[in-house]
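Report on the following structure.
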Amino acid sequence: PISEDDALALLERYQPNGRFSDDDERTARKIARLLDGFPLAVEAAAVFLGQLPGTSCRRFLGALMSEGLAELENAALGSPRGVRHHEKRLTATLQPLLNLLDPDARCALEYASLMPPGCVVWDWLESLTGDDFPEIENAAPLGVIDSWALVRNRLASLRLILPAGELWAGRMHSLVQEVIWLSEDFDHGRTLRRLIQHALGRCTSLERNWENRDGDWEIEALRQWSLHLTSI
């Protein structure tokens, strides 16, 4: 965990001017204390407050407390329930971020939640999301940013999917993936079936065009996916 002062600094870092007003700073410190130094939850709160600078810190604090976080404030993190306490803090701070997503970005994020955390394949996400939202695969007019680029940029700006070591992949924190799985409207079975079908289709395509494949990145993607599949 990080200290309360460091948590407050992280919350301020995402503000348009790099700081809160005096009143908001006092409330932000209460938010930092409530999140108990859990960096991922603090960053989610910071991103949300930074995306909507007009949002009252006091209102956000009230929303967190309504989730029952105040009851956890004095909990011992070394107890067997410590992990569940962190998960609850993360869920409470991520949900407002998820509510900012358009349906196409939410769809992409759900597929990403079932990919290896360190190997979220952008091409696969674009294709799978495009199956549900055809405009994703439509060519954009000259000078207009295409729909898929907007989805990628939105997920990156909210720090839900971050750059990885390879250009073809992003990364997503495993705890963020778990929060997606716990969402009431997440159809785990359908999403997993579609992802498996897509991966099998890519295997078939690679086999048919083995001599003409453009690099080996997708072979590595399939290798990591097959290993990950045994754990979900």
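It should be emphasised that the depicted structure is a prediction, and the values quoted were computed from it without experimental measurement. If you read the sequence from its start, that first residue is 1, and numbering goes on from there.
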Fill in: Interatomic distance, R29 atom CZ to E4 atom CD [nearest 0.5 angstrom]
5.0 Å
Worksheet item: Atom CG of L155 and atom CZ of R106: how far apart are they, to the nearest 0.5 Å?
Response: 11.0 Å
Fill in: Backbone N/O of L34 and side chain of R89: donor-acceptor pair under 3.5 Å
yes
Discussion item. What I'd like to find out is whether the side chain of F48 reaches to under 4.5 Å of the side chain of F60, using heavy atoms alone.
Written reply: yes
Fill in: Worked verdict on R26 versus K30 for side-chain contact (heavy atoms from CB on, under 4.5 Å)
CA-CA 7 Å; R26 285 189 288 271; K30 292 180 182 178; 5.7 Å; no
Discussion item. The criterion is side-chain hydrogen bond (donor to acceptor under 3.5 Å, both in side chains); which residues satisfy it with N17, sequence neighbours excluded?
Written reply: none
What pairs of donor and acceptor atoms, side-chain ones from residues 6-15 against any protein atom, are under 3.5 angstrom apart with sequence neighbours left out?
from: D6; atom 1: OD2; to: S3; atom 2: OG; distance (Å): 3.3
from: E12; atom 1: OE2; to: F20; atom 2: N; distance (Å): 3.1
from: Y14; atom 1: OH; to: E43; atom 2: OE2; distance (Å): 2.8
from: Y14; atom 1: OH; to: R159; atom 2: NE; distance (Å): 3.3
from: Q15; atom 1: NE2; to: L49; atom 2: O; distance (Å): 3.4

Worksheet item: Between CZ of R223 and SG of C119, what distance do you get to the nearest 0.5 Å?
Response: 9.0 Å
Worksheet item: Should L195 and M115 count as side-chain neighbours, where that means a heavy-atom distance under 4.5 Å?
Response: yes
Discussion item. Please find the pair of heavy atoms, one from P117 and one from S174, that lie closest to each other, and give the distance.
Written reply: CG-CB, 4.2 Å
Item to complete: Drop me the distance from T191's OG1 to L128's CG, to the nearest 0.5 angstrom.
Response: 9.5 Å
Discussion item. Below 30° counts as parallel, above 60° as perpendicular, anything between as tilted: where do the rings of W225 and H228 land?
Written reply: tilted
Worksheet item: For P39 and I2, which heavy atoms make the closest approach, and how far apart are they?
Response: CG-CG2, 4.0 Å
Discussion item. I want to check something: taking the side chain as every heavy atom from C-beta on, are W181 and L114 in contact at a cut-off of under 4.5 Å?
Written reply: yes
Practice prompt. Would you indicate whether the side-chain heavy atoms of S147 and E137 approach each other to under 4.5 Å?
Written response: no
Worksheet item: Between D132 and R190, is there a side-chain N and carboxylate O pair less than 4.0 Å apart?
Response: yes
Worksheet, complete the sentence: Shortest non-hydrogen pair, C107 vs F133, comes out as CB-CE1, 3.7 Å
Item to complete: Please report the C-alpha distance between L160 and L94 in whole Å, then the side-chain angles of each, then the deciding distance to 0.1 Å, and finally whether the side-chain contact (heavy atoms from CB on, under 4.5 Å) criterion is met.
Response: CA-CA 9 Å; L160 293 168; L94 267 182; 3.9 Å; yes
Item to complete: Report yes if some heavy atom in the side chain of L222 is under 4.5 Å from a heavy atom in the side chain of W124; otherwise report no.
Response: yes
Worksheet item: Ion pair present between R202 and E218, side-chain N to carboxylate O less than 4.0 angstrom?
Response: yes
Discussion item. Tell me whether T230 contacts the main-chain N or O of L227 through its side chain, where contact means a donor paired with an acceptor under 3.5 Å.
Written reply: yes
Practice prompt. Taking T204 for its side chain and L200 for its backbone only, find out whether a donor-acceptor pair lies under 3.5 Å.
Written response: yes
Worksheet item: Aromatic rings W168 and W217: how do their planes relate, parallel, tilted or perpendicular, breaks at 30° and 60°?
Response: tilted
Worksheet entry | Derivation of the side-chain contact (heavy atoms from CB on, under 4.5 Å) call for L162 and M172 | CA-CA 6 Å; L162 301 171; M172 185 177 181; over 6 Å; no
Item to complete: Look at the side chain of T129 and the backbone N and O of L125, then say whether any donor-acceptor pair between them is shorter than 3.5 Å.
Response: yes
Worksheet item: What's the shortest heavy-atom distance between V121 and A221, and which atoms?
Response: CG2-CB, 3.8 Å
Worksheet item: When rounded to the nearest 0.5 angstrom, what is the spacing between CD in Q177 and CG in L182?
Response: 12.0 Å
Worksheet entry | Residues M65, L69; criterion side-chain contact (heavy atoms from CB on, under 4.5 Å); working and verdict | CA-CA 5 Å; M65 295 184 71; L69 295 193; 6.0 Å; no
Worksheet item: Just by distance, do the side chain of S56 and the backbone of R58 share a donor-acceptor pair under 3.5 Å?
Response: yes
Worksheet item: Should the pair R33-D36 be classified as a salt bridge under the 4.0 Å nitrogen-to-oxygen rule?
Response: no
Worksheet item: Quick one: do D131 and R194 make a salt bridge, cutoff under 4.0 Å?
Response: yes
Practice prompt. Decide yes or no for I136 and D146: does some side-chain heavy atom of the first lie under 4.5 Å from some side-chain heavy atom of the second?
Written response: no
Worksheet entry | Atom of L35, atom of A45 and distance for their closest heavy-atom approach | CD1-CB, 4.0 Å
Item to complete: Could you tell me which non-hydrogen atom of G170 sits nearest to which non-hydrogen atom of I161, and how far apart they are?
Response: CA-CG2, 4.2 Å
Worksheet entry | pair V42-I31: side-chain heavy atoms closer than 4.5 Å | no
Worksheet item: Under 3.5 Å, side chain of S127 to main-chain N/O of D123, donor-acceptor pair present?
Response: no
Fill in: Inter-residue atom distance I180.CD1 - L109.CG, 0.5 Å rounding
4.0 Å
